[in-house]
Student: 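Before anything else, here's the structure in question.
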Amino acid sequence: MAPAGGPRAKKGILDRLDSGELVVGDGGFLFSLEKRGFVKAGLWTPEAVVEHPSAVRQLHTEFLRAGADVLQTFTFSASEDKMESKWEDVNAAACDLAREVADREDALVAGCLCQTSLYKYHKDETRIKNLFRLQLEVFVRKNVDFLIAEYFEHVEEAVWAVEVLREVGKPVAATMCIGPEGDMHDVTPGECAVKLARAGANIIGVNCRFGPWTSLQTMKLMKKGLGDSGLQAHLMMQCLGFHTPDCGKGGFVDLPEYPFGLEPRVATRWDIQKYAREAYNLGVRYIGGCCGFEPYHIRAIAEELAPERGFLPPASEKHGSWGSGLDMHTKPWIRARARREYWENLLPASGRPFCPSLSKPDA
């Protein structure tokens with residue numbers, strides 16, 4: 001199968017999903033840009049869109065080349081409560097950068113907002129909704145294609161976000177950073193999905209905090225909750241690119257390795273191909289990644305599901321399927337690795353003989 005040979009006809013997110021089309025999301029920005037020296041860990045706010053726009057533009061470009069159909073605005077934590085006077089310039093610049101790159105291939109731009117810093121301490125619905133509306137006004141002015149409320153650990157606040165985003169008539173996706181135990185108020189994943197659907201979210205799922213296999217368990221519970229309630233919504237997954245089976249209810253933020261020692265947990269491209277296939281078989285049609293997902297992970301999704309999409313991403317020009325490029329290697333034992341069975345069955349070593357396989361969460 002050859003890589004796609006140019007821009008495809010642009011369709012809206014719901015047109016694509018309603019027709020059964022697979023939508024490949026993009027990957028993580030915060031961790032990628034922190035490693036590159038453009039984002040500071042801690043508050044994790046996205047000043048890089050105005051301070052280092054070329055770095056953000058390049059990462060958008062790499063995700064697009066890897067096969068992403070959607071480029072999210074780099075506006076995570078870009079609300080007034082977290083950025084004060086910088087928030088509006090950051091949101092506007094993030095929209096412009098995503099649009100500039102997305103239009104090269106007719107990809108979609110999603111305007112994204114996340115949980116506020118206020119909810120845990122002051123559950124003031126009016127004030128929190130006003131914060132969401134400030135970001136929404138920029139997204140509307142910049143005419144993003146659809147909206148995402150992501151990274152919510154309390155479904156009540158996620159519902160408030162959906163209610164605000166629905167005010168402008170654009171499609172709305174809502175993803176929560178929860179595991180199988182549910183949100184921080186013990187609302188189950190199934191109940192969370194039902195509440196989001198009843199609030200008006202067109203697309204529902206999970207993002208961040210948990211690795212692929214835990215997130216798949218959560219997604220199954222969300223799907224069941226929707227089905228048991230007779231509700232319908234498109235399903236979406238953008239999990240971590242890290243293996244985190246040992247984290248607790250709070251996810252990877254409670255692991256002692258967070259955020260600077262997570263590299264031994266990075267998923268391989270083959271792990272992500274398996275994740276993509278299992279998500280697709282579950283009925284998820286919007287599949288991407290969050291923290292830890294680099295462009296090659298997004299390419300792995302696009303390559304695994306190329307038969308369903310009908311084409312390979314441009315980045316596959318430099319990547320043989322299942323290691324097939326290794327058949328040109330001069331060493332015979334490396335040529336022997338140019339096959340799917342080898343990589344599917346490999347148990348990669350960590351190179352750290354005295355390290356535990358799992359750790360104990362701090363919280």
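Residues take their numbers from the sequence shown, with the count starting at 1. Quantities reported herein were computed from a predicted structural model and do not represent experimental measurements.
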Student: Is there a side-chain contact between Leu22 and Ile287 in this structure, where contact means two heavy atoms from C-beta onward sitting under 4.5 Å apart?
Tutor: yes
Student: What about the rings of Phe29 and Trp44, do their centers lie closer together than 6.0 Å?
Tutor: no
Student: Which residues satisfy the salt bridge (charged side-chain N to carboxylate O under 4.0 Å, His left out) test with Lys120, sequence neighbours excluded?
Tutor: Glu153
Student: Among all residues two or more places apart in sequence or in another chain, which pass the salt bridge (charged side-chain N to carboxylate O under 4.0 Å, His left out) test with Arg299?
Tutor: none
Student: Kindly write out the residues that satisfy side-chain hydrogen bond (donor to acceptor under 3.5 Å, both in side chains) with Glu308, not counting sequence neighbours, or none if the list is empty.
Tutor: Arg277
Student: Can you run down the side-chain hydrogen bond (donor to acceptor under 3.5 Å, both in side chains) pairs that involve residues 320-335, sequence neighbours left out, and say none if there aren't any?
Tutor: none
Student: Between Lys170 and Asn202, do the side chains contain a donor N or O and an acceptor N or O under 3.5 Å apart?
Tutor: no
Student: Listed by chain and number, what are the ring pair (Phe, Tyr, Trp, His ring centres under 6.0 Å) partners of Tyr258, not counting sequence neighbours?
Tutor: Phe252
Student: Using a 4.5 Å cut-off on heavy atoms from C-beta on, say whether the side chain of Cys114 contacts that of Lys82.
Tutor: yes
Student: Please list, chain by chain and in numerical order, all residues satisfying ring pair (Phe, Tyr, Trp, His ring centres under 6.0 Å) with Tyr286, sequence neighbours excluded.
Tutor: none
Student: With a cut-off of 6.0 Å (strictly less than), are more than 12 heavy atoms of other residues, nucleotides or ligands near CZ of Arg127?
Tutor: no
Student: Run the side-chain hydrogen bond (donor to acceptor under 3.5 Å, both in side chains) test against His154 and tell me which residues pass, sequence neighbours left out.
Tutor: none
Student: So, applying side-chain contact (heavy atoms from CB on, under 4.5 Å) with Val49, which one of Leu97, Asn91, Thr73 is it?
Tutor: Leu97
Student: Residues in ring pair (Phe, Tyr, Trp, His ring centres under 6.0 Å) with Phe146, at least two apart?
Tutor: none
Student: Of all heavy-atom pairs between Ala110 and Val70, which one has the smallest distance, and what is that distance?
Tutor: CB-CG1, 3.9 Å
Student: Has Ile334 got more than 12 heavy atoms of other residues, nucleotides or ligands less than 6.0 Å from its CD1?
Tutor: yes
Student: Can you see whether His319 engages Glu303 through a side-chain donor-acceptor pair at a distance of less than 3.5 angstrom?
Tutor: yes
Student: Would you say NZ of Lys129 has more than 12 non-hydrogen atoms from neighbouring residues, nucleotides or ligands within 6.0 angstrom?
Tutor: yes
Student: Between His297 and Asp271, do the side chains contain a donor N or O and an acceptor N or O under 3.5 Å apart?
Tutor: no
Student: Is there side-chain contact between Phe152 and Ile178, with at least one heavy-atom pair below 4.5 Å?
Tutor: no
Student: The criterion is side-chain contact (heavy atoms from CB on, under 4.5 Å); which residues satisfy it with Glu62, sequence neighbours excluded?
Tutor: Gln58, Leu59, Pro295
Student: Donor-acceptor check, side chain of Thr116 to backbone of Leu118, threshold 3.5 angstrom: yes or no?
Tutor: yes
Student: If you take the centroid of each ring, where Trp contributes its six-membered ring, are Phe76 and Tyr151 closer together than 6.0 Å?
Tutor: yes
Student: Strictly by side-chain hydrogen bond (donor to acceptor under 3.5 Å, both in side chains), give each pair with a member in residues 212-224 just once, sequence neighbours left out.
Tutor: Lys224-Asp228
Student: According to side-chain hydrogen bond (donor to acceptor under 3.5 Å, both in side chains), who are the partners of Ser79, at least two apart in sequence or on a separate chain?
Tutor: Asp81
Student: Gln72: which residues meet the side-chain hydrogen bond (donor to acceptor under 3.5 Å, both in side chains) condition with it, sequence neighbours left out?
Tutor: Glu150, Gln238
